[in-house]
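Indexing begins at 1, ligand by ligand and atom by atom, following the structure's order. Just so it is clear, the values below take in all heavy atoms, side chains as well, and ignore hydrogens, waters and symmetry mates.
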Amino acid sequence: MVDIENVTFSWPGKQEFQVGIDRFSLADSERLLLLGPSGSGKSTLLSLVTGIVSPQQGMVNILGTNLGSLSGSARDRFRAEHFGIIFQMFNLLPYGTAIDNVMLPLQFAPERSNRAAHSGGARHEAHRLLTALGIDETLHNQPAAELSVGQQQRVAAARALIGSPQIIIADEPTSALDRNRQQDFLKLLFSQTAKSGSSVLMVSHDDSHQKWFDRVIYLPEIIKTGETS
Ligand code: ADP
Ligand code: MG
């Protein structure tokens, strides 16, 4: 699903933080948790995996496609088609309804759109996912900004899951919730990804989630950080 080899990367104008990764991979249907303290490069690694940024050296291979071989716009289409992303701050459209937000990624991803429409139409599928994630029908047409943090997080998860993208990426999606709600959320997320067979790559600074995952990597063990020489 994901294969990274001999990658080096630094943010433009930020030479003091350079990352090096010899090898990183994610298997088909695997649930992988990446742990590391704040500032250890978790979000940076997710940006490399999703092609939001490109490495200065090395290869990022996703589902057999070398992201470096794609143009910027082809990479954007590839990301929309194959990744469902739950951002740390959810990045919902505040004035859009829950349903509008869930359906948004389908605009840029024809294959996902076809899969979502398979039984009863994409809108029906958006309603089904929201309900499966515990969002009551009465809230489906509420603007996202009027929902609680926990509800917004579930909307963000439904948006990542719609159309069954092969890889679900989650950047500390539980950091705004208390412990009990965190576990409930992961259970709901995984019951959906188990149905679609999607892989899950989640990052967190909280090691209490470990038991829910197939594999746990402590990021400082695979990522070298330091100054550019
Ligand atoms: P984590 O997610 O583990 O907290 P990050 O990957 O966000 O760590 O940050 C690692 C380093 O990369 C930090 O020094 C941070 O300032 C820098 N960084 C992260 N995102 C950006 C960005 N968009 N532009 C410039 N620097 C960034
Ligand atoms: Mg981060």
Query raised in the report: Taking the minimum heavy-atom distance to atom 9 (O) of ligand 1, which of Thr44, Leu48, Leu46, Ile223 ranks first?
Result: Thr44

Query raised in the report: Does ligand 1 have an atom under 4.0 Å from some heavy atom of Gly39?
Result: yes

Query - Met1 vs Leu63 side-chain heavy atoms within contact, under 4.5 Å - result: yes

Query raised in the report: Got a donor-acceptor contact below 3.5 angstrom from the Arg75 side chain to the Leu70 backbone?
Result: yes

Query raised in the report: Do Gln142 and Asp136 have side-chain heavy atoms sitting under 4.5 Å apart?
Result: no

Query raised in the report: Do the rings of Phe78 and His82 sit parallel, tilted or perpendicular, given the 30° and 60° boundaries?
Result: tilted

Report task. Determine, using heavy atoms of Pro12 and all atoms of ligand 1, whether some pair is separated by less than 4.0 Å. Result -> no

Report task. Could you say whether the N/O atoms of Glu172 and ligand 1 ever approach to under 3.5 Å? Result -> no

Query raised in the report: Any side-chain donor paired with an acceptor under 3.5 Å for Thr97 and Asp100?
Result: yes

Query raised in the report: Hey, is Lys42 touching ligand 1 through its side chain, its backbone, both or neither, going by heavy atoms under 4.0 Å?
Result: both

Query raised in the report: Which residue holds the protein heavy atom closest to atom 7 (O) of ligand 1, what is that atom called, and what is the gap in Å?
Result: Ser43 CB, 3.6 Å

Query raised in the report: Has Ser43 got an N/O/S atom less than 2.8 Å from the Mg ion (ligand 2)?
Result: yes

Query raised in the report: Where is the nearest protein heavy atom to atom 15 (C) of ligand 1: which residue, which atom, and how far?
Result: Lys14 NZ, 3.6 Å

Query raised in the report: Do ligand 1 and Gly41 have nitrogen or oxygen atoms that lie under 3.5 Å from each other?
Result: yes

Requested in this report: Answer whether the closest heavy-atom distance between the side chains of Leu35 and Tyr218 falls below 4.5 Å.
Outcome: yes

Report task. For Pro37, take its heavy atoms, then give the atoms of ligand 1 lying under 4.0 Å from any of them. Result -> 3 (O)

Report task. Identify, for atom 21 (C) of ligand 1, the protein heavy atom at the shortest distance, and state residue, atom and that distance. Result -> Trp11 CE2, 3.3 Å

Report task. Taking only heavy atoms of Ser38 into account, list the atoms of ligand 1 that are under 4.0 Å away from them. Result -> 4 (O)

Report task. Determine whether the side chains of Asp206 and Ser208 contain a donor N or O and an acceptor N or O closer than 3.5 Å. Result -> yes

Requested in this report: Quick one: look up the protein heavy atom nearest atom 10 (C) of ligand 1 and list residue, atom name and how far away it is.
Outcome: Phe17 CZ, 3.5 Å

Requested in this report: Taking the side chain as every heavy atom from C-beta outward, state whether Asn101 and Phe90 have any pair of such atoms under 4.5 Å apart.
Outcome: no

